[in-house]
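Letters A, B, ... are given to chains in the order of the sequence lines, protein chains preceding strands, and every chain is numbered from 1.
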2 protein chains.
Amino acid sequence: MGDGQATRRRLLDAATAEFARYGIAGARVDRIAASAQANKAQIYAWFSSKDGLFDAVFVEHLSLIVDLVPLDATDLPGYAVRLYDAYLDRPEVVLLATWARLERVPTGDLLAVAADDVAAKLARISEAQQAGLVDPAPAPADVYSMVIALSMAWSPASVTVAASTDDDPAEHERRRTALAAAVRGAFAPRAGAT
Amino acid sequence: MGDGQATRRRLLDAATAEFARYGIAGARVDRIAASAQANKAQIYAWFSSKDGLFDAVFVEHLSLIVDLVPLDATDLPGYAVRLYDAYLDRPEVVLLATWARLERVPTGDLLAVAADDVAAKLARISEAQQAGLVDPAPAPADVYSMVIALSMAWSPASVTVAASTDDDPAEHERRRTALAAAVRGAFAPRAGAT
DNA sequence: CTCCGCAAACAAACCGGTTGGTTACTCACG
DNA sequence: CGTGAGTAACCAACCGGTTTGTTTGCGGAG
């Protein structure tokens with residue numbers, strides 16, 4: 001008989017696509033089961049509830065959300081551009097995080113469950129500030145929030161324009177250039193500082 | 001007898017709160033009717049459907065989404081800070097826009113229906129670039145997207161930290177300062193340019 | 001001023017499809 | 001034969017939407 005772990009895997013994959021597209025309230029358990037070529041009861045056997053399934057999907061993607069692209073505090077512009085490309089390649093990551101924000105955690109730190117990983121990133125930003133590679137004025141947490149925000153300027157959650165892989169490659173290139181330049185200007189050490 | 005327009009108004013207000021909090025799929029028509037102290041049938045008399053009600057709420061907020069704060073292309077840092085405060089004061093605006101993006105318009109231009117107003121803003125950015133007040137390298141549309149993205153770094157839709165009015169005032173002030181500095185650095189004309 | 005008729009506003013019960021969740025049962029394998 | 005994977009039918013609550021019947025304000029006829 002079929003392998004339970006394999007079914008679990010298919011359910012997680014199907015759920016990822018479903019939640020990314022429709023959110024928690026909009027997702028349909030039957031649709032997930034069908035798309036995973038499994039039975040609805042399996043979902044409840046493995047994940048207890050629809051919310052439990054979302055939790056499983058979300059924690060599995062947490063490491064991706066946080067470390068889809070390893071932070072390079074010594075090259076924030078390059079980091080931002082790599083994030084732009086990563087979001088283009090893996091829109092589910094942005095979507096899951098945004099749905100979680102809207103439907104689960106209205107205020108405060110969304111990634112509190114991964115506080116350790118985030119803290120490590122902030123420490124590296126702090127080091128880069130002390131090394132004179134990043135403007136030391138803003139708090140590391142604010143630098144991080146702003147870099148992420150800038151990288152997501154054209155993400156699937158943007159309130160202006162959401163990029164898609166169908167866009168003209170030249171357009172992507174234009175955005176990458178603009179993004180890198182903006183990040184460089186925004187966080188480079190100020191002239192006149194030590 | 002009660003005024004129809006007044007009922008319509010209460011429905012729109014209640015729907016705004018409901019949609020901002022729960023999104024389209026998560027919103028409950030009964031809850032809106034109850035919270036507006038009206039009857040469910042009125043919703044269908046005035047707005048035809050749940051989706052029609054969301055449309056009405058959204059278009060009513062479109063002008064706010066676009067012009068909650070008038071764009072001052074000659075002072076982008078100040079503009080960004082005013083947006084930060086506006087989002088703090090009117091989180092529904094950000095939330096409605098984000099829900100619309102996630103549940104309605106997965107890619108492309110979210111504000112295509114208000115293309116004229118947006119085009120006017122881009123024109124003013126373009127003027128500021130020609131006047132040497134803004135870095136002329138990036139396309140006006142990209143400047144706009146990035147300024148909005150930066151202003152929303154701590155918005156209720158942020159994937160890092162969402163600000164709330166309960167936050168320490170000093171924290172808000174820290175973010176305003178960091179935001180203004182980042183926008184200044186990101187879009188000021190590059191040294192060495194004319 | 002009163003009465004009547006009318007249309008818009010309103011209320012509540014109702015309807016049928018959908019949805020998250022359950023159960024009773026079958027099947028393959030060690 | 002026992003155990004865990006898999007299935008299909010089932011269920012009760014829910015939810016968007018409709019229907020039916022009632023109330024209210026108002027303009028006009030008497």
Once you round it to whole Å, what is the distance between [atom2] of [N] and [atom1] of [X]?
{"X": "Ile32(A)", "N": "dT19(C)", "atom1": "CD1", "atom2": "P", "answer": "12 Å"}
{"X": "Arg8(A)", "N": "dG4(D)", "atom1": "CZ", "atom2": "P", "answer": "17 Å"}
{"X": "Lys50(A)", "N": "dT18(C)", "atom1": "NZ", "atom2": "C1'", "answer": "12 Å"}
{"X": "Phe54(B)", "N": "dG16(D)", "atom1": "CZ", "atom2": "C1'", "answer": "17 Å"}
{"X": "Gln37(A)", "N": "dA5(D)", "atom1": "CD", "atom2": "C1'", "answer": "16 Å"}
{"X": "Phe47(B)", "N": "dG16(D)", "atom1": "CZ", "atom2": "P", "answer": "16 Å"}
{"X": "Ile43(B)", "N": "dT18(D)", "atom1": "CD1", "atom2": "P", "answer": "12 Å"}
{"X": "Trp46(A)", "N": "dA5(D)", "atom1": "CH2", "atom2": "C1'", "answer": "9 Å"}

Report task. Check if the side chain of Asn39(B) and the base of dA9(C) share a donor-acceptor pair of N or O atoms closer than 3.5 Å. Result ->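 Not at all, since no donor on one side and acceptor on the other fall under 3.5 Å apart.
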Query raised in the report: Does Arg28(B) have a side-chain nitrogen or oxygen under 4.0 Å from the phosphate oxygens OP1 or OP2 of dG16(D)?
Result: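 Indeed, a polar side-chain atom of Arg28(B) lies that close.
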Report task. Taking only the side-chain nitrogens and oxygens of Ser49(A), find out if one of them lies under 4.0 Å from OP1 or OP2 of dG20(C). Result ->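 Ser49(A) to dG20(C) OP1/OP2: no side-chain N or O under 4.0 Å.
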Report task. Could you check Gln42(A) against Ala27(B) and say which one's nearest nucleotide on DNA chain D is further toward the 5' end? Result ->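 Looking at the nearest nucleotide for each, Gln42(A) comes out on the 5' side.
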Query raised in the report: Is it true that Asp72(A) and Arg124(A) make a salt bridge, defined as a side-chain N closer than 4.0 Å to a carboxylate O?
Result: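 Looking at Asp72(A) and Arg124(A), the cut-off is not met.
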Report task. Could you tell me whether Ala6(B) contacts a base, only the sugar-phosphate backbone, or nothing, with contacts defined as non-hydrogen atoms closer than 4.0 Å? Result ->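 The answer is nothing, as Ala6(B) stays clear of every strand by at least 4.0 Å.
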Query raised in the report: With ring centroids as reference points, do Trp154(B) and Tyr84(B) lie under 6.0 angstrom apart?
Result: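 Yes; Tyr84(B) has its ring centre under 6.0 Å from that of Trp154(B).
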Query raised in the report: How long is the gap from OH on Tyr79(A) to OH on Tyr144(A), to the nearest 0.5 Å?
Result: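 The distance works out to 4.5 Å.
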Between [options], which nucleotide gets closest to the side-chain atoms of [X]?
{"X": "Tyr44(B)", "options": "dT18(D), dA9(C), dG20(C)", "value": "dT18(D)"}
{"X": "Ala41(B)", "options": "dT7(D), dG20(C), dA12(C)", "value": "dA12(C)"}
{"X": "Thr7(B)", "options": "dA5(D), dA9(C), dG17(D)", "value": "dA9(C)"}
{"X": "Lys40(B)", "options": "dG16(D), dA12(C), dC10(C)", "value": "dG16(D)"}

Report task. Spell out, yes or no, whether Leu110(A) and Tyr22(B) are grouped together once hydrophobic residues are joined by side-chain heavy atoms under 4.5 Å, including indirect joins. Result ->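 Looking at the clustering, Tyr22(B) is in a separate group from Leu110(A).
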Query raised in the report: Quick one: do Leu179(A) and Leu76(B) end up in the same hydrophobic cluster if we chain Ile, Leu, Val, Met, Phe, Trp and Tyr together by side-chain heavy atoms under 4.5 Å apart?
Result: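 Yes; tracing contacts between hydrophobic side chains, which count when under 4.5 Å, links both residues.
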